[in-house]
Amino acid sequence: MPSTLNSDVVIVGTGVVGCLIAEQALDAGLSVLMLEAGPRVSRDTIVENYRNLPPTLRNHWNAPYPPKPWAPHLETRTPTEAASYLDLTGPNAKAYEQGYVRYAGGATWHWAGICWRMTPDDLRLKSLYGVGRDWAFSYDVLEPYYARAEHAMGVCGPGDPALQWPPRTARSRPYPMRPIPFGPGEQRLTDVAATLGMQNLPAPQARNSGVSFDGRPPCCGNNNCFPVCPIAAKYDAATALPRIEAKGGRIITNAVAYRVETNAQKKVEAVHYYDPNRTSHSVSGKIFVLACNGIETPKLLLLSADDKNPRGVANSSDQVGRNMMDQPKLIADIEMSEPLWTGVGPVQSSSIMNTSQGDFRREYAGAMFRMENMARSTLGGLAALEKGLYGKALDQEIRRLSACTARLTVEHEPLPLPFNRLTLSDKKDWLGLNRPRIYYDVGDYVRRSAENYTVPLLKKLATALGATDIKISPEFLHSDHIMGGTIMGNDPSDSVVDADCRAHDHDNLFLPGGAAMTTGGSGNSTITMAALALKAADAIVGQLNHA
Amino acid sequence: MTSFRKELKINRRGLLLGMSALATAASFTQSPGLAASNGYIHEPDSIVQFMLVSKLLVPHELDPFVGHKIYNALSDSEEGFDNTVTALQNFIMKNAVVDVEHLMPALTDVALKNSALKIISAWYSGVVHGKSGDRVVAFEEALMFKVTNDVMTIPSYAKSAPNAWNATAVPLLNMPSF
């Protein structure tokens, strides 16, 4: 039976952005209804899915999250699977194989938890270096929202200003928890990098450090932040769902939004969704928030094209789906003569950030360097078995390959380039909806950086660590930080949302999160998405109270 | 406790070596004393035999429960797996083989050698590659984790109490006993 529902605030998506806004709205006394395309799955189910994977598939982060037919997301176990949802083209299609989860809780199920703030300079690329765009506001405007996001998600980080990021920038509040200790690998990287002038900082991370926080336990170093933290020591939005319900919020899962309906006054009137039986329902409300990630949000806006919005909803600027960004990543798999010993503590717990800033950004991209801190016993074990070894020689080789190998990564800051574009594919999904088609070219700014700056530095770092063999990925890969598709700006003619993530075209439609980001910086995007969500939440509450 | 465990291991290993060296005519499965010492009472003979062959191929403490699952998976994926295990056992006894380092170079039958490697692989990786796909038979019990368990975490299992780990690197040569 088709149904018609109503709420003050209608939120599409139950990831970190949607959940933060839902709680703010509920706390302000507003009614909230959330739509989630995928299912709601318990943590123990995902952990068991992971443990029952063959070891060769355990580094496919999407593998423990089988999608429902009506809510597909990228799967990578086979090339056929990888091509079955995202329709990717362009010279760097591989670099846009974005991993996200269409489950209640969203992609924070398998994020690393790393929370690097953007820097004041990251928000002024055009003014300072003549590239990219400037944000609609300065860092000072964003800072209080960063602090709120850090406390809302439970971010641990260093108290010593010399170890904080951005450098020499005031913080309005300290981190709510002290930093997580390093294991041997990250300590060694820190010491070695310092000899090259590269400062490996303890990462601010949304992981409970030493104490419980927000009803979640402290991290016990399970070294499995992705694909899933088994104990919820790491923040993920799934942990917010029961709280949202306890505050009166309603969450409808397996509800695939497929059309945003506007009226003659350019206001959004309803969101229409399909249930798994392909029955259509609608939800009306006062404010609508699309927070279904940087791919699904522009896709939904384009799917909603009609006579009133011929290029799609919120798209008078023709910028919806353009400027798709991520940090193009290169990896170096290295073998060393001495043990490094990763696999102690979280899977990521530090990064080199000072390589992301500087005047060179006039010419080429800044970048973040880091080391994967995952236990490498599985990789070492499988590689040694592949050699046909047995007995003592097998044990020795597993131990050597586990301890004396590492993966270094470099993630480049992207520029918002309008030709990197999401459109609707002529290929359809299970519900008959167009799949997202994305053209992606990392651009010369990133290519010049790799050639002149980051790859030489990566080799230097590897050599300083004692590498006897260095294998660098032959092409750019994805970092799973989806940004740009509904870009923010002050000018409605070349941007989609304003400084509060409100659509220029429809004043009761908000598009917060990664898609709104004007530039990407070099660090992980989630904390900026969360800060933008809180800023949008303030605007939503203010707008409804004013009304 | 540690010395007691070591003594136990030596006794078990000594027993196996002794039997092998003497090339006793009696099969392992007909030795109730040995079966009892390994906790295999009431197990089918085929599994007892598999565990004894496994103990020579993989010179570590082996979990009989995992062994049971590996045996079942290999039996399903390889035709005549019982015969293969019997052939390995016969070869070990006939040639008085004392350990896997001596066994593998001596195994000139390629099929038999590959089967031995499959058994080793299953114990270490926790997976059996079958005709109808991979069958996971162990996660935390997979021996590849034991080799580095003095430092590295078994992913998804707690490393320690909250924040109780540190940056101490241990020598590569300090192989854990397992």
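A, B, ... follow the sequence lines: proteins, then strands. Residue 1 opens every chain. Scope of the values below: all heavy atoms of this structure, side chains included, with no hydrogens, waters or symmetry mates.
Heavy atoms of Gln396(A) lying under 4.5 Å from chain B belong to its backbone as well as its side chain. Of the atoms belonging to Asp150(B), it is side-chain heavy atoms, and not backbone ones, that fall under 4.5 Å from chain A. Looking at Ile231(A), there are no atoms closer than 4.5 Å to chain B (heavy atoms on both sides), in backbone or side chain. Of the atoms belonging to Arg188(A), not a single heavy atom falls under 4.5 Å from chain B. Both the backbone and the side chain of Pro184(A) come within less than 4.5 Å of a heavy atom in chain B. Within the 4.5 angstrom heavy-atom criterion, only backbone atoms of Ala138(B) (N, CA, C, O) approach chain A. Of the two parts of Cys229(A), neither the backbone nor the side chain holds a non-hydrogen atom closer than 4.5 Å to a non-hydrogen atom of chain B. Contacts between Val136(B) and chain A at a heavy-atom distance below 4.5 Å involve the side chain alone, from C-beta outward. For chain B, the nearby part of Pro339(A) is the side chain; its heavy atoms alone come within less than 4.5 Å. For Ile154(B), the part lying near chain A is the backbone, with the side chain staying farther off; criterion is any non-hydrogen pair under 4.5 Å. Val170(B) touches chain A through backbone and side chain together, each having a heavy atom under 4.5 Å away.
The greatest number of non-hydrogen atom pairs below 4.5 Å with chain B, out of Gly345(A), Ala393(A), Gly381(A), is found for Gly345(A). Note: Asn223(A) leads Asn223(A), Leu340(A), Val228(A) in heavy-atom pairs under 4.5 Å with chain B. Interface check for chain B: of the options Pro218(A), Ala403(A), Cys219(A), Ala384(A), the most heavy-atom pairs under 4.5 Å are formed by Cys219(A). Note: Asn166(B) leads Val137(B), Leu143(B), Leu117(B), Asn166(B) in heavy-atom pairs under 4.5 Å with chain A. If you tally non-hydrogen atom pairs under 4.5 Å between each of Asn222(A), Leu389(A), Val347(A), Leu53(A) and chain B, the highest count goes to Asn222(A). Considering only heavy-atom pairs separated by less than 4.5 Å from chain A, the leading option among Val100(B), Leu57(B), Leu103(B), Val58(B) is Val100(B).
Side-chain contact between Arg58(A) and Pro155(B) is absent, with no heavy-atom pair separated by less than 4.5 Å. The side-chain heavy atoms of Pro54(A) and His129(B), taken from C-beta on, include no pair separated by under 4.5 Å. In this structure, Met144(B) and Ser402(A) have side chains that are not in contact, with every pair of non-hydrogen atoms separated by 4.5 Å or more. At a threshold of 4.5 Å between non-hydrogen side-chain atoms, the residues Phe178(B) and Asp395(A) count as touching. Using a 4.5 Å heavy-atom cutoff, the side chains of Val344(A) and Met152(B) are not in contact. Contact of the Ile398(A) side chain with the Phe145(B) side chain is not registered, since no non-hydrogen atoms from C-beta on lie closer than 4.5 Å. For the pair Ser156(B) and Arg51(A), the minimum side-chain heavy-atom distance is below 4.5 Å.
The nearest pair of heavy atoms linking Gln187(A) to Ala167(B) is CB-CB, 3.6 Å. Contact between Ser125(B) and Leu382(A) at its shortest, heavy atoms only, is CB-CD2, 4.0 Å. Contact detail for Tyr390(A) and Glu101(B): the closest heavy-atom pair is CE1-CA, 4.0 Å.
Interatomic distance, Leu394(A) CG to Ile120(B) CD1, rounded to the nearest 0.5 Å: 7.5 Å. Of the inter-residue distances, the one linking Asn52(A) atom CG with Arg135(B) atom CZ reads 12.5 Å to the nearest 0.5 angstrom.
Side-chain N or O atoms of Arg400(A) include none that pairs as donor or acceptor with a backbone N or O of Leu172(B) at under 3.5 Å. Listed for the Arg399(A) side chain is a donor-acceptor partner under 3.5 Å among the backbone atoms of Asn174(B). Looking at Trp165(B), its side chain does come within 3.5 Å of a backbone N or O of Pro181(A) through a donor-acceptor pair.
Using a cut-off of 4.0 Å between Lys/Arg side-chain N and Asp/Glu carboxylate O, Asp99(B) and Lys392(A) are scored as not salt-bridged.
At a cut-off of 3.5 Å, with distance as the only test, a side-chain donor of Ser209(A) or Asn163(B) sits close to an acceptor on the other residue. Judged by distance alone, the side chains of Ser377(A) and Thr148(B) do bring a donor and an acceptor atom under 3.5 Å apart.
More than 12 heavy-atom neighbours from other residues, nucleotides or ligands sit within 6.0 angstrom of CZ on Arg216(A). Heavy-atom contacts from other residues, nucleotides or ligands closer than 6.0 Å to CD of Glu338(A) number 12 or fewer.
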